[in-house]
Amino acid sequence: MRAEPVYEIYAVRYAHHDRRASENFIGGDPHDLPQPLDFFVWAIVGSGSCIIVDTGFDEAMGKKRSRTIVKPVGEGLKAIGIDADSVENVIVTHLHYDHCGNHELFPRARYHLQDCEMDYATGRCMCHSQLRLPFEVEDVTAMVRKVFAGRVTFHDGDSEVAPGVTMHKIGGHSKGLQCVRVRTQRGPVVLASDASHLYRHFEEGKVFPIVYNVGDVLEGYATLRKLALDPGRIIPGHDPLVLERYPAARPGLEGWISRLDFNPEKKP
Ligand SMILES: [Zn+2]
Ligand SMILES: [Zn+2]
């Protein structure tokens with residue numbers, strides 16, 4: 001019997017935003033300390049393939065949104081030996097500007113998206129400035145162009161992109177948000193993306209202020225726990241603590257790229 005594949009996972013930090021904790025929680029935060037956000041893409045490597053989760057944004061978008069690019073996404077991937085030109089599959093967790101920019105970075109890739117996210121980003125909800133705030137029309141139209149180029153696979157609910165790499169619709173923060181579960185040597189690791197921006201969101205049942213449906217955000221925390229089996233294997237989408245808790249992918253990449261398929265205390 002052939003062993004089931006396990007994967008390496010890399011968190012690649014590409015941008016940063018300094019802000020107060022109160023900006024990250026509905027209802028604010030009584031201890032309003034600095035609570036910056038980091039911005040990541042993730043790479044799932046194994047079985048002779050590499051799957052990218054989200055595509056980040058570029059320098060121009062960083063300027064527009066007052067976020068600081070620390071290292072461009074392509075540079076981060078190169079640092080761990082990933083050639084963006086040869087990537088075949090990209091999972092897009094949702095269509096917010098910080099998750100689906102860099103439209104030309106993966107020229108050969110097929111994009112995996114929930115039906116519901118495309119419906120949301122192109123439908124009547126976008127008539128409301130409050131709801132379209134985290135979207136960029138150029139990102140959404142770039143994805144529509146990929147649909148017409150035959151480069152998008154739509155998913156509805158739970159779906160598999162490779163053996164041991166599955167997508168799970170959560171919604172809440174964005175209507176068609178999906179998380180990604182990856183089989184690793186330490187058990188299933190769940191890339192929550194914006195289903196939990198920070199550890200504190202799922203740990204304390206708090207909600208990030210950009211939201212489509214608060215009930216689905218809160219239900220989503222239970223889904224993350226169920227998928228990961230152990231909350232220690234949930235990876236929040238924007239928490240600077242991720243790079244502190246997990247070892248650098250190799251010496252010299254500290255504060256930039258971490259390996260998530262090792263136990264946090266165990267160095268590679
Ligand atoms: Zn988002
Ligand atoms: Zn985000």
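These numbers were taken from a predicted model, which means no experiment stands behind them. Order of appearance sets the numbers: ligands from 1, and atoms from 1 within every ligand.
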**Asked** By atom name, which N, O or S atom belonging to D194 lies closest to the Zn ion (ligand 1)?
**Response**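 The closest N, O or S atom of D194 to the Zn ion (ligand 1) is OD2.
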
**Message:** Which atom name would you report as the N, O or S atom of H173 nearest the Zn ion (ligand 1)?
**Reply:**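 Sorting the N, O and S atoms of H173 by distance to the Zn ion (ligand 1) puts NE2 first.
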
**Message:** Report the atom name of the nearest N/O/S atom of D98 relative to the Zn ion (ligand 2).
**Reply:**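 Considering only N, O and S atoms, D98 comes nearest to the Zn ion (ligand 2) through OD2.
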
**Prompt:** Pick from V211, D54, D98: which one makes a side-chain contact (heavy atoms from CB on, under 4.5 Å) with D194?
**Reply:**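 Result for side-chain contact (heavy atoms from CB on, under 4.5 Å) with D194: D98.
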
**Prompt:** Any N/O/S atom of H96 sitting less than 2.8 Å from the Zn ion (ligand 1), backbone or side chain?
**Reply:**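 True for H96.
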
**Message:** Using 2.8 Å as the threshold, say whether any N, O or S atom from H94 sits that close to the Zn ion (ligand 1).
**Reply:**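 True for H94.
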
**Message:** Is it the case that over 12 heavy atoms from other parts of the model lie below 6.0 angstrom from the OH atom of Y199?
**Reply:**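 Buried by this count: over 12 neighbours within 6.0 Å.
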
**Prompt:** Is any N, O or S atom of H238 under 2.8 Å away from the Zn ion (ligand 2)?
**Reply:**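 Checking the Zn ion (ligand 2) against H238, an N, O or S atom does fall under 2.8 Å.
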
For the residue pair [X] and [Y], would you count it as a cation-pi contact if the rule is NZ or CZ under 6.0 angstrom from the ring centre and within 45 degrees of the ring axis?
X    : Y   : result
K71  : Y14 : no
R200 : F25 : yes
R65  : Y97 : yes

